[in-house]
2 protein chains.
Amino acid sequence: MAGRGEHGGAARRVTIADVAREAGVSPGAVSFALNNRPGVADATRRRVLDAAAELGWRPNHRARALSHQSSFTLGLVVARPTTTVGADPFFPAFVAGVTAALQPSEQSLTFTVVPDHDAEIETYRRFAAEKRVDGVFLTDLRVHDPRPALMAELGLPAVTLGRPDRTSSAGRVGAVSVDDSAGMREVVRTLVDAGHHRIAHVTGPAEFLHVRSRREAWEATLTAAGLAADLLVHTDFSAGEGAGATDRLLSRRVPPTAITYANDVMAMAGLAVAQRRGLAVPTDLSITGFDDVELAHYANPPLTTVRTDVAGWGTAAAHALLAAVADATARDVDLPPARMIARASVAPPTPARPRKGTS
Amino acid sequence: MAGRGEHGGAARRVTIADVAREAGVSPGAVSFALNNRPGVADATRRRVLDAAAELGWRPNHRARALSHQSSFTLGLVVARPTTTVGADPFFPAFVAGVTAALQPSEQSLTFTVVPDHDAEIETYRRFAAEKRVDGVFLTDLRVHDPRPALMAELGLPAVTLGRPDRTSSAGRVGAVSVDDSAGMREVVRTLVDAGHHRIAHVTGPAEFLHVRSRREAWEATLTAAGLAADLLVHTDFSAGEGAGATDRLLSRRVPPTAITYANDVMAMAGLAVAQRRGLAVPTDLSITGFDDVELAHYANPPLTTVRTDVAGWGTAAAHALLAAVADATARDVDLPPARMIARASVAPPTPARPRKGTS
DNA sequence: CTGAAAGCGCTTACAG
DNA sequence: CTGAAAGCGCTTACAG
């Protein structure tokens with residue numbers, strides 16, 4: 001009768017049957033009372049709640065999952081080699097946003113890193129077959145991505161980060177999107193306005209939609225300004241390949257006067273390469289990044305970059321997925337676009353050819 | 001009878017009862033056969049396995065969890081503000097190592113980011129009360145850390161990353177450790193051998209044991225060389241505070257000739273600060289980091305740092321926790337120590353005072 | 001408004 | 001070696 005169990009400790013677990021006995025009702029009534037379902041008199045409900053509190057009862061997750069036909073678990077599977085996953089600041093921030101949103105709900109997140117795309121697909125199949133999760137977050141969308149259709153086949157609720165390219169957006173898959181091309185356009189326009197004519201773009205693997213959208217923003221902005229969009233390098237997003245790409249660009253007979261990178265890590269590696277070659281940034285070469293990692297602010301010079309609210313993205317995606325799980329309805333959410341953060345790594349090219357004089 | 005269910009799809013789930021019917025045995029026998037338990041004739045086992053494969057049967061995780069009294073889930077709770085969790089390369093790499101180790105087992109990982117230590121404790125209590133997980137990884141050990149004792153109270157198997165300070169290592173808690181002080185000693189000894197006399201240390205919050213062990217390694221190595229260990233700054237591990245600490249150190253009447261940082265992010269921010277003040281690195285100031293993030297290799301100059309195999313740590317911790325969950329026995333594991341990675345950010349101080357001439 | 005019963009899909013003693 | 005039954009701790013129709 002006393003406060004035993006109040007510490008939720010290793011003592012014999014208290015079940016709904018104990019609460020029922022204590023409150024003098026049936027186990028079924030306890031369940032109804034505890035879950036705030038109609039059909040229980042206020043006085044009875046009170047009695048049950050008091051008994052549950054006194055006994056220190058806590059719902060057994062395993063039993064609830066089985067009888068409620070729900071895992072109370074959301075899944076995030078990231079296909080990335082173990083060696084490089086640490087370099088991407090996206091996932092910890094995204095997960096932080098997701099789990100913050102999940103706090104008040106009874107859901108938690110299962111997070112898995114797998115080596116490649118095939119293993120990722122296999123994981124979803126296993127999740128669905130074993131009823132491991134109630135829904136999944138789909139990240140790193142690709143061209144002709146098979147995952148939205150797979151989700152429909154598996155009957156697995158899902159949200160994608162960003163919009164899939166084909167309108168195969170099968171049934172239950174909603175898209176939670178941040179327009180990162182907006183930030184990219186701002187960056188390129190700023191460089192054009194500063195008088196740059198040869199603006200390169202160093203980005204990630206071509207199959208990613210987020211890579212494509214940034215590249216297209218770069219292209220379109222250059223084309224609109226009557227400039228050639230011919231200095232494009234695809235990498236694996238690593239510092240190493242970012243450095244290599246920079247070296248090759250700067251070794252051209254007519255090198256670019258500005259390089260836009262699709263992440264901050266490559267931009268900072270590129271910055272080091274340029275400086276090692278004796279170029280002053282931004283005087284001899286302007287450089288921009290993407291992500292706005294904290295270090296970007298403390299680079300020398302501080303890096304002009306593009307900021308996305310990644311944790312906010314995680315929170316919004318979690319809410320959308322929770323809703324999809326609850327009513328099997330897909331809905332799209334558009335978050336505020338990524339914005340340029342102007343810092344000192346951009347300046348007019350030398351010899352300066354002033355243009356519009358905006359900057 | 002055909003391959004329906006082979007896609008594990010949204011079709012009506014096939015249960016053990018279906019397999020039993022198909023194989024002409026009881027559901028209990030199916031369970032025994034499927035779990036490779038003795039007491040089933042080979043021929044019967046064959047028949048069951050064939051039936052299961054034909055029907056596309058997959059174990060229902062929810063049902064197994066309830067009847068097996070096991071969650072098949074391990075927990076990682078990280079107390080860190082959402083805003084800074086992205087800056088730490090540790091967690092993605094650690095999680096990758098953990099989930100790689102979990103692949104062949106039936107366990108998965110639930111990963112949660114909470115804002116502070118109290119919320120972390122609360123999460124463990126909830127995990128235990130609701131039977132959410134079978135065990136947890138305890139990271140960022142502190143001075144007088146209450147968590148090992150809490151695990152004993154909750155009856156929750158756990159492993160700590162690194163050894164707790166008090167021998168309150170309650171029962172079921174094993175420690176999986178990497179000696180990072182070894183790398184720190186190498187770094188300081190290298191600087192001493194190069195002729196440095198004023199070697200500072202910029203590190204994280206004093207309550208973390210991993211901060212303390214690096215600081216003590218720095219102190220002990222200096223003391224052994226007859227040098228003063230008086231240039232110490234504690235920060236929150238952020239680039240911003242690393243930059244601020246550097247600025248203050250370099251503004252001293254007699255500034256250090258070398259600064260050792262407890263992570264690469266602060267080291268790179270410090271590098272930028274030094275260069276902005278007109279100092280050449282390493283000529284005027286030697287700098288070292290910790291972590292060996294990929295960018296460290298591509299800094300200008302490349303950063304001397306200390307490398308830990310974080311993914312390997314995750315894998316070893318996962319194996320240890322799996323074992324602790326299986327037999328409730330704590331065991332300690334010692335992994336290879338962290339090693340210095342020598343790069344170009346270290347040189348003798350100017351004016352050079354050659355000493356042993358090792359470097 | 002309330003109670004007794006069945007059910008979620010497995011596992012595990014316990015008899016034969 | 002094998003089968004029938006009970007049990008894990010909840011939820012949810014279904015009668016009263």
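Labels below follow one simple rule: chain letters A, B, ... track the order of the sequence lines, proteins then strands, and each chain is numbered from 1.
- Of the candidates dC10(D), dA13(C), dC8(D), the closest approach to any side-chain atom of Phe32(B) belongs to dA13(C).
- For Ala63(A), the listed nucleotide lying nearest its side chain is dG9(D); candidates were dA13(D), dG9(D), dT11(C).
- Residue order along DNA chain C, read from the 5' end via each residue's closest nucleotide, puts Thr44(A) first among Thr44(A) and Ser67(A).
- Under the Watson-Crick or G-U wobble criterion, with both distances below 3.5 Å, dA13(D) is left unpaired in every strand shown.
- A donor-acceptor contact closer than 3.5 angstrom is absent between the side chains of Arg132(A) and Thr73(A).
- The interatomic distance linking Arg62(A) (CZ) with dG9(C) (C1') rounds to 16 Å, in whole Å.
- Among the nucleotides dC10(D), dG9(D), dG3(D), the one closest to any side-chain atom of Val25(B) is dG3(D).
- Residue Ser26(B) places its side chain closer to dA4(D) than to any other of dA13(D), dC8(D), dA4(D).
- Listed candidates were dC10(D), dG3(D), dT12(C). Nearest to the side chain of His68(B) is dT12(C).
- With hydrogens and angles left out, the side-chain atoms of Arg80(A) and Thr139(A) include no donor and acceptor closer than 3.5 Å.
- Salt bridge status for Arg47(A) with Asp50(A): absent, with no side-chain N to carboxylate O gap under 4.0 Å.
- Look at CZ on Arg21(A): it is 15 Å from P on dG3(C), rounded to the nearest Å.
- At the heavy-atom level, Arg37(B) lies under 4.0 Å from the strands shown only through sugar-phosphate atoms.
- The shortest distance between the side-chain N/O atoms of Trp57(B) and the OP1/OP2 oxygens of dC10(C) is below 4.0 Å.
- In the set dG9(C), dT12(C), dT11(D), dG9(C) carries the atom at the smallest distance from any side-chain atom of Thr15(B).
- The one candidate from Phe94(B), Tyr124(B), Phe91(B), Phe111(B) that meets the ring-ring contact (aromatic ring centres under 6.0 Å, His included) condition with Phe137(B) is Phe94(B).
- Contact between the side-chain N/O atoms of Asn60(A) and the OP1/OP2 oxygens of dC8(D) is not found at any separation under 4.0 Å.
- Judged by Watson-Crick or G-U wobble contacts below 3.5 Å, the nucleotide dA4(D) has no partner.
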